[in-house]
Amino acid sequence: MTTLSTTLTKRLEDPRLFRQYAYVDGKWTHGDGGREEAVYDPATNEAIGHIPLLEAEQITAAVDAAETAFVQWRALRADERCERLLAWYDLIQANREDLATIMTLEQGKPLPDARGEVEYGASFVRWFAEEGKRTYGETIPSHIPNASLGTIKEPVGIAAMITPWNFPLAMITRKAAAALAAGCPVIIKPANETPFSALALAELAERAGIPEGIFNVVLGDPAEVSKILCSEPRIRALSFTGSTRVGRLLIEQSANTVKRLSLELGGNAPFIVGPDMDPKEAAYAAVSAKFQTAGQDCLAANRILVHESIHDEFVEQFTERMAALTVGNGLHGEVDLGPLIHRQAVEKAASIVDDAISKGATMIAGDQSQAPGDNFFMPVLLTNVTPQMKVWREENFAPVAGITAYSTDDEVIEMANDTEYGLAAYIYTHDIRRIWKLMRALEYGMVSVNSVKMTGPPVPFGGVKQSGLGREGGATGIDEYLETKYYCLGALGSVSGS
Ligand SMILES: NC(=O)c1ccc[n+]([C@@H]2O[C@H](COP(=O)([O-])OP(=O)(O)OC[C@H]3O[C@@H](n4cnc5c(N)ncnc54)[C@H](O)[C@@H]3O)[C@@H](O)[C@H]2O)c1
Ligand SMILES: N[C@@H](CC=O)C(=O)O
């Protein structure tokens with residue numbers, strides 16, 4: 001029988017990267033209860049493969065394996081862990097094309113974007129391989145006679161990671177590379193929509209010499225698996241990227257075991273355009289900040305706030321640029337937007353548009369009769385968007401752009417902060433005083449001025465308010481997986497005062 005999974009395997013230079021098992025304690029694993037779930041190509045709705053749904057005892061077995069393996073892994077020198085991580089990095093790079101193909105098939109994003117994500121994901125592995133060598137403690141001038149005081153950094157312990165489908169590879173490496181470099185074993189639960197990128201990473205981790213039990217990928221019913229991970233006292237850190245709704249749930253579920261929590265949650269990014277801007281330059285940037293990954297990006301420009309003096313020309317330029325975007329299967333040719341992840345996402349997008357129109361928004365573009373398949377959503381532009389509309393209040397996670405005019409800086413600051421979210425904000429203006437005023441007043445973890453691109457390994461990525469807790473990447477990303485141990489060496493004789 002020819003299935004899409006045989007087609008997928010044929011597309012790969014190295015078919016062993018396509019695994020339809022979980023990966024626990026260095027072994028490819030079936031579900032003991034025989035439960036399985038299909039994974040679909042969102043562009044065609046065809047099943048590309050199946051994954052096992054593990055039973056509770058199998059998740060606990062992953063924790064047992066990690067606990068055993070932790071002893072050896074933490075005992076390695078940082079430069080030894082660095083070598084393994086660099087080997088993993090090299091393998092990810094060497095298999096970039098296959099990883100991108102797997103990603104496009106399970107996630108839908110255009111192949112060039114998938115290649116970009118593989119590069120992006122790999123860059124975190126290299127970054128943290130090096131950062132692992134710089135987990136310095138400190139010496140503390142002693143206030144205790146004849147004592148020497150200081151701190152050392154130690155791995156927090158087993159780290160669990162729950163990741164989303166929109167960036168199936170990079171959201172894993174940004175967490176896992178930091179944890180591994182710190183000396184922690186990891187148990188990863190990827191989104192069931194996009195498990196194959198995670199499993200390919202596991203295959204490459206094994207080839208890179210990351211020992212059994214250190215890198216585990218568990219699969220199952222999300223609510224079931226997460227409950228076990230949250231309530232397991234041996235898991236000391238939980239890092240989650242996903243919706244604010246599920247993030248809140250995980251906080252509750254982790255309360256009894258008092259875990260270290262890192263939460264990268266939803267966004268509702270404002271994109272502010274000042275009166276001094278060239279409307280064309282700003283509109284082109286806004287299109288780019290809105291429609292990447294078909295709008296399914298936590299950094300997507302969700303509310304576009306344009307100064308009233310250039311509003312009409314901005315809308316004209318935005319419309320023209322948007323019309324040039326092509327929508328289609330990410331595997332085929334030059335496509336700008338792939339499908340949404342599934343039909344429910346399309347229905348949610350349509351309901352957000354309907355809600356806006358019913359409350360007075362104007363739809364400038366977005367003819368859904370042109371959609372090339374069930375899971376596709378043609379880019380929509382709405383103007384006259386107001387705070388009463390869902391398109392303002394919710395992260396639409398779809399190619400739906402909403403524009404609102406404003407008149408003063410104070411007004412736009414109030415508009416931009418009028419949300420429970422606080423992940424990223426964009427400012428487009430060349431007026432240095434306005435930049436400084438807005439940048440300081442915006443309640444966001446990340447503010448990007450005159451640049452759509454803002455992320456990368458050196459960046460402390462994360463949000464404030466209900467967009468999350470902690471920072472990933474950058475010089476502090478590894479701290480999410482480290483404990484500070486204070487020591488006091490007393491009765492030393494003559495060291496007092498040093
Ligand atoms: N801040 C960031 O860095 C960042 C990055 C990417 C995505 N996101 C956010 O992720 C969201 C989109 O991703 P999504 O739809 O996969 O999010 P989601 O919250 O639905 O799912 C994320 C993960 O949680 C699991 N999950 C789902 N329901 C669960 C439950 N009841 N209990 C426990 N786990 C559960 C999923 O299987 C998946 O692994 C958006 O809100 C987006 O902004 C944030
Ligand atoms: N684009 C983000 C992921 C959000 O969905 C990133 O760069 O981390």
Side-chain angles (χ1 to χ4, degrees), residues 37 39 51 53 59 106-107 109 113 116-117 119-121 123-124 160-175 187-195 197-198 217-231 238-254 262-269 288-289 292-302 340-342 344-345 348 394-398 419-424 444-446 448 452-457 459-474 477:
E37 193 169 287
V39 178
I51 49 165
L53 303 181
I59 308 296
E106 65 180 3
Q107 204 282 334
K109 64 179 67 182
D113 292 6
E117 186 184 334
E119 283 277 350
Y120 180 54
S123 70
F124 291 111
M161 300 167 175
I162 302 176
T163 55
W165 47 261
N166 67 334
F167 280 75
L169 189 142
M171 296 302 100
I172 292 177
T173 54
R174 189 159 67 191
K175 298 177 190 305
I187 299 176
I188 297 157
K189 194 217 77 66
N192 286 17
E193 291 87 344
T194 57
S197 295
V217 179
V218 295
L219 302 163
D221 172 77
E224 251 174 64
V225 176
S226 305
K227 243 185 230 158
I228 299 169
L229 297 176
C230 290
S231 57
L238 173 70
S239 180
F240 171 73
T241 297
S243 61
T244 297
R245 179 186 69 81
V246 174
R248 289 187 192 111
L249 238 153
L250 299 179
I251 294 174
E252 277 177 35
Q253 292 177 358
S254 299
S262 310
L263 302 174
E264 298 289 345
L265 308 177
N268 183 3
S288 171
Q292 279 171 14
T293 326
Q296 304 169 110
D297 189 323
C298 58
L299 303 179
N302 220 42
L340 301 192
I341 190 68
H342 39 44
Q344 297 95 287
K348 181 185 162 200
E394 294 179 15
E395 177 185 39
N396 68 57
F397 233 52
T419 171
E420 68 191 23
Y421 296 101
L423 186 60
Y444 288 83
M446 299 179 284
S448 187
V452 173
K453 182 172 168 50
M454 67 169 98
T455 62
V459 170
F461 190 103
V464 302
K465 291 163 77 177
Q466 296 188 38
S467 286
L469 297 174
R471 294 291 180 270
E472 287 192 333

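When a ligand or atom number is given, it counts from 1 through the structure's own listing order.
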**Student:** Ignoring hydrogens and angles, tell me if any N or O in the side chain of Thr244 forms a donor-acceptor pair with the backbone of Gln466 under 3.5 Å.
**Tutor:**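 Between the backbone of Gln466 and the side chain of Thr244 there is a qualifying donor-acceptor contact (under 3.5 Å).
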**Student:** Can you tell me if Asn192 uses its side chain to pair, donor with acceptor, with the backbone of Leu219 under 3.5 Å?
**Tutor:**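 It does not hold such a pair.
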**Student:** Do the side chains of Thr455 and Tyr120 get nearer than 4.5 Å, heavy atoms only?
**Tutor:**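 With C-beta onward as the side chain, the pair touches.
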**Student:** Quick one: OG1 on Thr194 to CE on Met171, what's the gap to the nearest 0.5 Å?
**Tutor:**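 Separation between the atoms: 11.5 Å.
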**Student:** Check for a donor-acceptor pair, side chain of Glu264 on one end and backbone N or O of Gly468 on the other, with a separation under 3.5 Å.
**Tutor:**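 No; judged by distance alone, with no hydrogens or angles, the pair does not exist.
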**Student:** Would you say the side-chain atoms of Ser262 and Glu472 include a donor-acceptor pair closer than 3.5 Å?
**Tutor:**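 Result is no, nothing qualifies.
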**Student:** Return the residue, atom name and 0.1 Å-rounded distance of the protein heavy atom closest to atom 12 (C) of ligand 1.
**Tutor:**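 The protein heavy atom lying closest is Phe397 CE2, 3.4 Å.
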**Student:** What part of Ser467 sits under 4.0 Å from ligand 1 if we count only heavy atoms: the side chain, the backbone, both or neither?
**Tutor:**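 For Ser467, no heavy atom sits under 4.0 Å from ligand 1.
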**Student:** Which residue supplies the protein heavy atom nearest to atom 8 (O) of ligand 2, what is that atom called, and how far is it?
**Tutor:**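 Looking at atom 8 (O) of ligand 2, the protein heavy atom closest to it is Arg174 NH1, 2.9 Å.
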**Student:** Is a side-chain N or O of Arg471 found less than 3.5 angstrom from the main chain of Gly463, in a donor-acceptor match?
**Tutor:**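 Answer holds: yes.
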**Student:** Under 4.0 Å from a heavy atom of Leu423: give me the atoms of ligand 1 that qualify, with their elements.
**Tutor:**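 Reading through ligand 1 atom by atom, the close ones are 1 (N).
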**Student:** Give the residue and atom name of whichever protein heavy atom lies nearest to atom 44 (C) of ligand 1, and the separation in Å to one decimal.
**Tutor:**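 Scanning the protein heavy atoms, the shortest distance from atom 44 (C) of ligand 1 goes to Leu265 O, 3.2 Å.
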**Student:** Could an N or O of ligand 1 be found under 3.5 Å from any N or O of Trp165, whether backbone or side chain?
**Tutor:**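 It does: an N or O of Trp165 is found under 3.5 Å from an N or O of ligand 1.
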**Student:** Right, does atom 21 (O) of ligand 1 have protein non-hydrogen atoms nearer than 4.0 Å?
**Tutor:**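 No, no protein heavy atom sits under 4.0 Å from atom 21 (O) of ligand 1.
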**Student:** Should you measure from each heavy atom of Asn166, which atoms of ligand 1 turn up under 4.0 Å away?
**Tutor:**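 Going through ligand 1 atom by atom, the ones under 4.0 Å from Asn166 are 6 (C), 7 (C).
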**Student:** Any idea which part of Thr293 is under 4.0 Å from ligand 2, heavy-atom wise: side chain, backbone, both or neither?
**Tutor:**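 Near ligand 2, Thr293 shows nothing, with every heavy atom at 4.0 Å or more.
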**Student:** Output the list of atoms in ligand 1 that are nearer than 4.0 Å to some heavy atom of Arg174, sorted by atom number.
**Tutor:**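 Once the distances to Arg174 are compared, the set is 3 (O).
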**Student:** Rounded to the nearest 0.5 Å, how far apart are CG of Asp221 and CD of Glu37?
**Tutor:**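 Between Asp221 CG and Glu37 CD, I get 8.0 Å after rounding to 0.5 Å.
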**Student:** Does a side-chain heavy-atom distance below 4.5 Å link Phe461 with Met454?
**Tutor:**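 No, their side chains stay 4.5 Å or more apart.
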**Student:** For the NZ atom on Lys227, are there more than 12 heavy atoms of other groups (residues, nucleotides or ligands in this structure) within a distance under 6.0 Å?
**Tutor:**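 It does not: Lys227 NZ has 12 such atoms or fewer within range.
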**Student:** Work out whether the distance between some heavy atom of Gly247 and some atom of ligand 1 is less than 4.0 Å.
**Tutor:**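 It does not; every heavy atom stays at 4.0 Å or beyond.
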**Student:** Which is closest to atom 37 (O) of ligand 1 by heavy-atom distance: Gln296, Glu472, Met171, Lys189?
**Tutor:**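 Residue with the shortest heavy-atom distance to the ligand atom: Lys189.
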**Student:** If you measure from each heavy atom of Phe167 to ligand 1, is any distance below 4.0 Å?
**Tutor:**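 It does not; every heavy atom stays at 4.0 Å or beyond.
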**Student:** Going by the atom numbers of ligand 1, which of them fall below 4.0 Å from some non-hydrogen atom of Phe461?
**Tutor:**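 Matching atoms, with element in brackets: 2 (C), 3 (O).
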**Student:** Under 3.5 Å between some N or O of ligand 1 and some N or O of Thr163?
**Tutor:**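 Yes; the residue has a nitrogen or oxygen that sits under 3.5 Å from a nitrogen or oxygen of the ligand.
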**Student:** Atom 7 (O) of ligand 2: which of Phe167, Tyr120, Phe461 has the nearest heavy atom?
**Tutor:**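 Ranked by closest heavy atom to atom 7 (O) of ligand 2, first place is Tyr120.
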**Student:** So, applying side chain to side chain contact (heavy atoms under 4.5 Å, CB included) with Phe240, which one of Ile251, Thr163, Leu265 is it?
**Tutor:**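 Single pass found, and it is Leu265.
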**Student:** Which residue supplies the protein heavy atom nearest to atom 28 (N) of ligand 1, what is that atom called, and how far is it?
**Tutor:**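 Its nearest protein heavy-atom neighbour is Val246 CG2, 3.6 Å.
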**Student:** Starting at OG of Ser226, measure out to CG of Leu238 and round the result to the nearest 0.5 Å.
**Tutor:**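 Going from the OG atom of Ser226 to the CG atom of Leu238 covers 8.0 Å.
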**Student:** Closer than 3.5 angstrom, by distance alone: can the side chain of Glu106 be matched with the main-chain N or O of Ser197 as a donor-acceptor pair?
**Tutor:**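 Looks like yes, one N/O pair under 3.5 Å.
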**Student:** Write out the residue and atom name of the closest protein heavy atom to atom 26 (N) of ligand 1, then the distance separating them to 0.1 Å.
**Tutor:**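 Nearest protein contact, heavy atoms only, for atom 26 (N) of ligand 1 is Pro222 CB, 3.7 Å.
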**Student:** In the protein, which heavy atom is nearest to atom 25 (C) of ligand 1, and how far is it?
**Tutor:**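 Nearest neighbour among protein heavy atoms for atom 25 (C) of ligand 1, to 0.1 Å: Ile162 CG2, 4.0 Å.
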**Student:** To check your reading of the model: name the closest protein heavy atom to atom 3 (C) of ligand 2, its residue, and the distance in Å.
**Tutor:**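 Going by distance alone, atom 3 (C) of ligand 2 is nearest to Cys298 SG, 3.3 Å.
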**Student:** Contact between ligand 1 and Gly463 is defined here as a heavy atom of the residue under 4.0 Å from a ligand atom; is it met?
**Tutor:**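 So Gly463 does not count as touching ligand 1.
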**Student:** Can any side-chain N or O of Glu117 pair as donor or acceptor with the backbone N or O of Leu169 at less than 3.5 Å?
**Tutor:**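 Yes, the answer is positive, given that a donor and an acceptor are paired below the 3.5 Å cut-off.
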**Student:** What residue and atom, counting heavy atoms only, is the protein's closest point to atom 17 (O) of ligand 1, and at what distance?
**Tutor:**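 The answer is Ser243 N, 3.4 Å.
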**Student:** Taking Ile188's backbone N and O only, do any of them form a donor-acceptor pair with Lys175's side chain (distance below 3.5 Å, no angle check)?
**Tutor:**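 Flag not set: sc Lys175 to bb Ile188 has no pair under 3.5 Å.
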**Student:** Taking N or O atoms only and a 3.5 Å limit, does Arg245 qualify as a polar contact for ligand 1?
**Tutor:**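 So ligand 1 has no N or O lying under 3.5 Å from an N or O of Arg245.
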**Student:** Identify, by atom number and element, the atoms of ligand 1 in contact range of Pro190, meaning under 4.0 Å from any of its heavy atoms.
**Tutor:**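 Counting from 1, the qualifying ligand atoms are 39 (O).
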**Student:** What protein heavy atom is closest to atom 5 (C) of ligand 1, reported as residue, atom name and distance in Å?
**Tutor:**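 For this ligand atom, the closest protein heavy atom is Thr241 CG2, 3.1 Å.
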**Student:** Under 3.5 Å, is there a donor-acceptor pair between the Thr293 and Asn166 side chains?
**Tutor:**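 No, Asn166 and Thr293 have no side-chain donor paired with an acceptor closer than 3.5 Å.
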**Student:** So, is Pro164 polar-close to ligand 1, with some N/O to N/O distance under 3.5 Å?
**Tutor:**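 N/O-N/O distance below 3.5 Å does not exist for this pair.
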**Student:** To which of Ser226, Gly242, Ala198 does the heavy atom nearest atom 11 (C) of ligand 1 belong?
**Tutor:**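 Looking at heavy atoms only, the winner is Gly242.
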**Student:** Out of Gly445, Cys298, Ala223, whose heavy atom sits nearest atom 2 (C) of ligand 1?
**Tutor:**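 Going through Gly445, Cys298, Ala223 one by one, Cys298 has the nearest heavy atom to atom 2 (C) of ligand 1.
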**Student:** Check whether any heavy atom of Met171 sits under 4.0 Å from an atom of ligand 2.
**Tutor:**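 Within the 4.0 Å threshold, so yes.
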**Student:** Show the atoms of ligand 2 that are less than 4.0 angstrom away from any heavy atom in Thr455.
**Tutor:**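 Counting from 1, the qualifying ligand atoms are 7 (O).
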**Student:** Can any side-chain N or O of Glu395 pair as donor or acceptor with the backbone N or O of Phe397 at less than 3.5 Å?
**Tutor:**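 Side chain of Glu395 to backbone of Phe397, a donor-acceptor pair under 3.5 Å: no, none is there.
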**Student:** With nothing but distance in play, are any N or O atoms of Glu395 less than 3.5 Å from an N or O of ligand 1?
**Tutor:**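 Such a contact does occur with ligand 1.
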**Student:** Going by the atom numbers of ligand 1, which of them fall below 4.0 Å from some non-hydrogen atom of Glu264?
**Tutor:**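 Reading through ligand 1 atom by atom, the close ones are 1 (N), 2 (C), 3 (O), 4 (C), 44 (C).
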**Student:** What do you reckon, does Thr244 have a nitrogen or oxygen under 3.5 Å from a nitrogen or oxygen of ligand 1?
**Tutor:**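 Checking ligand 1 against Thr244, no N or O pair falls under 3.5 Å apart.
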**Student:** Got the closest protein heavy atom to atom 24 (O) of ligand 1, with its distance?
**Tutor:**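 That would be Phe240 CE1, 3.3 Å.
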**Student:** For atom 1 (N) of ligand 2, what's the nearest protein heavy-atom neighbour? Residue, atom name and distance, please.
**Tutor:**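 I find the closest protein heavy atom is Asp297 OD1, 3.0 Å.
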**Student:** Using 0.5 Å steps for rounding, measure from the CE atom of Met446 to the CG atom of Leu423.
**Tutor:**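 That separation rounds to 4.0 Å.
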**Student:** So does Ile341 get a backbone contact from the side chain of Gln296, meaning a donor-acceptor N/O pair under 3.5 Å?
**Tutor:**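 Answer holds: yes.
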**Student:** Is the side chain of Lys189 donor-acceptor paired with the backbone N or O of Ala160 at a distance under 3.5 Å, no angle test?
**Tutor:**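 Here the side-chain-to-backbone pair does not exist.
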